[in-house]
Every structure is written in structure tokens, then in C-alpha cells.
Amino acid sequence: MTQNSRKIILVDMNAYFASVEQASNPELRGKAIVICGDGRTIVVTASYEARRYGIKTGMTLPEARRLCPFVIPVIGNLDKYVDVSLRIHKIMLEYTDQVEVFSIDECFLDVTGVEHLWGGAVNIAAGIKKKIKEQIGITCSAGVAPNKVVAKLAAKSKKPDGLTVVEPDEVENFMFPLPVEKLQGVGIGARLSEKFRLMGINTARDLAMADGGFLKARFGVMGAFYKNVGLGRDSSRVKKYSEQAPVKSVGHSHTLPKDTYDISVVRSYLLMLCEKTAARLRGYKLTGRTVFLMVRFGDFEIFSGRETLKSCFNTGYGIFSLAWKIFERVLPLKKAVRLLGVGISNLAGGDTQQYLFEDMQKKQKLSAVMDEINAKYGELTVKPSSVIIAQKHGILGRCGIISTRLIK
Amino acid sequence: MKLITKKNEILDSLQVAQFFISTGSTLPLLSNILFDAQDDFLFLSATDMDISVKIKCRVEKVEQAGKTTIPKKIIPLIKEFTDDIIKIETDKNDNTKVVCKKASYKINGLPAEDFPVLQLDEKKLESITIPQKLLKEIISKIYYAALKDTTKRNLNGVYFKFEGKIIEAVATDAHRLAYYKTEVKTGVKSKFDYIIPLKTINEIVKVLSDDETKEITLNFYDKVIEFQMENMDIVSRIIDENYPNYNQVIPKEFNMEASVNKEEFAAAIRRASTITSDKSKIVIIKFEKNKLMIIAQAQDEGEAFEEIDIKYDSEPVEVSYNAAYIMDVLKVIESDTIEIKLISSMNPGIIKGKGNDDFLYIVMPIRK
């Protein structure tokens, strides 16, 4: 099979933001540090030294301090991380142009057909690791496997500074013992693995052996995908570096605490996501004009849509009015809503075109003042009143970032 | 229905009717054109439910009066026929036979009875008759400034106000505004104001004539407006919302005033905008004593610098604009010299042709 003969490498930076800070500031090396957002108190990344105390991404700073009183908080600098990422990409591009930027700290490489030039895929992975350590000063974990899913799990299996190779005939041996929780990052999230557990699916092997018809009935089209994950099969292609460079978007997604049919709850969460997205967008000094919305229903079916305007904007309400227009396409709701994701792309510089009319000027000024207050006193201190419904339903502040690919 | 016609008698009218056919409608009847033949005339109607058109054209001979609706594919078919006699004949099932020389086509249509007609309200309020050329002039000077999407419905159209002999027209997307004011010989007794959908405006401007002698009558109803021309009748819904208070945003007093050669300025802006990024076409315009400088920068892409001689005697000032907004207005101003009037770099600026007070363009700067 051609699929088995592919050579895919996943390179994953270890505690990326923290490592970059430690590499650029010798005083932080070997110490427990956490990276926090500007004006926010949520841990974005913890260094390995901090992780030893049990500090994890998503904790609040006071929680982290309770675990380790001398932890050093460092305000994150996205520009710097993007810049270092670009330098890391250059190292990988010396081997092949099939480098897919998966996130700010992970890249897939497809070295099928070029591996013999460098003495095999394992040598390429080792070479990249060595160059990143020498030139950037940070460590990474690499996985070498016949496809992206297995390469990703292989890289994850040994951190930090690992290099794990899974040959085509070892895929089942590698995959089958993995508990379902370990399949995070390849499309199986925490809540989904809980569901699997309830169904008696405890390991990748159970998932692989599960009845295809049953999975399909339960999860729709995703059923077959999950079974393939269990089998360690994946035919998805590694994109070329040049194919993805123009992708630039900012967004947030949130799984609701409980699946809901209540439009006012959906509306409130959506508004909150739009406000957060807009605040981040303004934080990057950007504006955008294409809004995309993703809705996952209780049965895991996904609806998505996009709307584009002629002119750029950066207000939460601006994003919301388009997102809501897209959401209206699924009304009346036939299924309960499980997850909402919203984002904005087609980004441009943040210089703001002024409005002629006073009421619109006021809205523009309002956003600026809101950002200032929220930067000082914490995210969503000031917010539209309809966001309060979402707050009553729980868990604010832990919305995942869908994607922030700011490739210059 | 049975008629004989020549290609050139109906082709132009059919092509005009095509503008008004709705695109992407789920109603098959709306992709058809209504044919109504009587007394050696053929009346063609098309609609998308927001705007409808009825065109009158003389044909060679109507042998049997009647109505039917025919899918729009008849238009490319007739276009491809040679300049010979075309016979169009419909049977009782609304299937139409089109014959030209030895070619014979059958097109399946739908009954005319179900074709939707935009109802005029019962009571016509008033009407005004003006030269077509004037209406064309008003529209072409301003309509590009209207909002092109429907995020703010009231801005997705052109605002007209008729009061006595005065006609005012406005289009804006909330960042820039184009304004036209003119006086006509015969006005209206009372006052009417309408927001006419941009879609209607786009179609009207295509059919208006430049001929000085041709006139158009606007009939005002409560929720629709009718445009009557010699051979054509267009009925459009209006946007039933409030238009923003444009008078409030037109500055009346200024601190700086420049007089600039239009061609030189337009060419320089066009060149400088090639350097700006596709998404935000920002140009910085600097006014100093008797000179104007245009600066544009795009990160990692390049820089532009232009300098032109102007008449300017006020304090130096620097303003950033969207180059597209400036280029739009320079395309429609006819005067050789333009006037730029400013209050400060943060306030709306005015651009107009020198010696022409009918037309004004107001544009907001970009805040860096």
C-alpha cells in the first residue's frame, strides 16, 4: 500500500512559549516560569520546571502560585513566538517544501521520496532537532511514522526532547495499548473520550475493533474517522508550505457546559466569543472582513458557514451580526448545539477608517474604552449585558483559541 | 399568441428585460419573461419581486393577441439568429415555437396568469417629470458611494428628496458620502423622500438616455416608486427605513482649503495606490505651502512618494485616506480643478469640482 510507504515527521516544540522565553533570557533558564496573556491571569504555557509542580495550561495565576510560590510569570509576546516559528520553518524547509504548519509550535513534514538524500527519515528528524537546539536553543519532540495521526501520537509519547519512530508494521503494536485519553490532539477531545469510556471503548484497540455501523449511527461521518484513528490509519495529505501561508485568522471556540436548544443561550455564548475574538483582533492591531462560524451539534454533525463584507471591521458586534446571520441558516434548531466556534479572516491592518455618523463613531469609541478597561481589570470585566446569560451557564475564560496563524 | 418580428426589433428590449430577471430564485416563473402581444406591440415584463420592468416594442405583426411566459434562454437564441423574419407562436400549453428561416425551436414556458406583478398602491401621491439626462447625471455622480452589502439596510440604496423645485440625492457607506443638489423647472407640490435600493439604481442607470429631449416621469406611491419612460415602465420597492441625518455631517466651515489640478492628483493617487496593500489602501496626504505630497507604505512591499504643485496657503496638515475613496470621486468630477476643504486631520474633508456647487463629496480620514 502506498499509504504504508509514506514517511511523515511531526515536530512539536516542547513548552514552546516558555522555552522561547528561557532561550532568550538566561535568567529564566532552569526555573519554573509561566507565560500569561497581557493583563490576564490565565497560564498559557508552563515551563517543564513549572509542570513538575503540577502547573498546567488553563490554570489561573493564583492557582499556579499555590502549587509553586516562586513561579515566575512572564507576559507573552506573540510577535516574538511567530518570529521564532518562522525561523524554525526555515530549518525544516531545507529538507522539503512539504511542511505543513499545524499550529504555532507544530509542523508536519512529508519526506517521502527525499529521505534517501539525507540518509533516511529518522536522520532528517534527528537533524532538525539538532539544528533547532543549536540555532534557536530550544528542544522539540519528533515522531516519524507512515501517517500524520501516528506521527503526532509518536511525538507526544516522549517529551521533552524525544524522537520516536513507528515503522509501518509496528503501527498496531504502538496504537492499540493507548488509552482513549491519549488520543487527544488527533481529533478526539477530552469529552469525547469520556463518551467512549461510557460505551466501553477504553483503548485505541477497542475503538479500532468497534462496529463501524454502531460508530456511524452514534457519530455520523465522524464515526469512520474515529475508527481509523484507533487503527492508526490516516490518508490525509501534508500540505505544502506555500499552500498555507495566506491563512490568517483569529478565532475562539467553546463547548457549551450542556447541549442546548435555547437560542438565547446560544446567542449569548456567540456574542461572548465574538467579543473575545474582536478584543484579540484589536490587540493585534488588525481588522478583518470575513467571519466564519462553526456549530457542532449533540450528534457531532458540523455546520459551518462564512460571510464576507466589502470593508474591514474589528468590533465584537460587527463580528456577531455576521455570525448570527450565518447561524440563522440552521434555525429552527433540529438538534441541540454542543459547540460554537467563531473566527475572522481576510485580515488587514488595524488603522481604523472613521465613521461619518455620530452613533457609529460612538460604537467605535466604546470598543476602544472597553479594551482599555478589560486590559487593566481582566477579560470581559466590561461586556454587553447579553453575555451575562452565558456567564450564568458557566465556564468563561477557558475558551480555546481555534487558530492564530499570523504568518507574515 | 402569434407574432412576426425582426431580430433587431426585440433583441435590445429582451436584453434590457434580462437585467431585471432574478438570479438564483427558487421560483421557476421568475426566470421567465412575460410576453404580451397586442395591436402590433409586444410588451415584455420581468421581475425579481423587488423591482419589475415592462418594455414596449413594436413588432412586424401580431397575428393573434395573447400572453405567455418564456424562459430567458430565448434571449441567447434570438441573438444567434440571422437578420431575418422570426415567427413566435405559442400553443395552449404555453409551449412556444420560434422559427427563423429553416431553423425551428420549441421552448417550454409557463402560464402568464401566475406571473407576479408588482402591485402599485391604489393611490398615486404625486409625480415629477425631469430629463433622463439629469437623472443619469445625479445617479452617476453619487451611487458608487452607497453601501454595497446589506449590513445596514438603509445605506444599501440612494436617498432622494423632492421638495418644491429642489431635488437632493445622497449615497453613503458611513465612511464617505456623495451629495447632489439641483433645481428643476417644474417641481412637486409637497415633499417626498425615498431610499431607492441600490439594485434598482444599478438597473435604472443602464437604461437612462443621454438624449437631452427624452424625459422620465417619477410616480410616487406610499411604498413603491414608478419610473415611466417612453417605452419602458419600471416599478421598484423602496427601502422603508430612516436615512441618517446627512446635513449634520456636511461641514460648513473650514480651516484649510486647497485648489488642486484634478488629473495630476488622480494620476498620482492611482500610482501611489499600486504600492498599498490590497486590503487597506491607505495613502497619507500632506499639505504644505503650495504643495501636496502623497505617501504610501506597505510593510515589506515598498513605498510611494509623490509631490504636486497646488494652491494652498493654510497651516501644514497631514491626513490619511483610503485611496479607493479618493479615486472614486475623482472619476466623476468633470472640472479640471478640484477643491479640497478640511477642518483638521480628524474631521470629515470635502472634495468638489471648482465652480460646481451641485455636487459634494465628504470623506472620513483613517486614524493611524
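Since this is a predicted model, take the numbers as computed values, not measurements. Chain letters run A, B, ... following the sequence lines, proteins first, then strands; residues in each count from 1.
- For Y325(B), the part sitting under 4.5 Å from any heavy atom of chain A is the side chain, from C-beta outward, and nothing else.
- Taken to the nearest 0.5 Å, the CE atom of M360(A) stands 5.0 Å off from the NZ atom of K152(B).
- Atom OH of Y143(B) has 12 or fewer heavy atoms from other residues, nucleotides or ligands within 6.0 Å.
- For the pair T150(B)/K325(A), a side-chain contact is recorded, criterion being any heavy-atom separation below 4.5 Å from C-beta on.
- Counted within 6.0 Å of CG on D359(A), heavy atoms from surrounding residues, nucleotides or ligands total more than 12; the atom is thus considered enclosed.
- Atom CG of L356(A) and atom CG of N245(B) lie 12.0 Å apart (nearest 0.5 Å).
- Rounding to the nearest 0.5 angstrom, the gap separating the NE2 atom in H175(B) from the CZ atom in F357(A) is 10.5 Å.
- Other residues, nucleotides and ligands contribute more than 12 heavy atoms inside 6.0 Å of the CD atom of E307(B).
- Within a 6.0 Å radius of CD in Q361(A), more than 12 heavy atoms belonging to other residues, nucleotides or ligands are found.
- Counting non-hydrogen atoms of neighbouring residues, nucleotides and ligands closer than 6.0 angstrom, the NZ atom of K148(B) exceeds 12 such neighbours.
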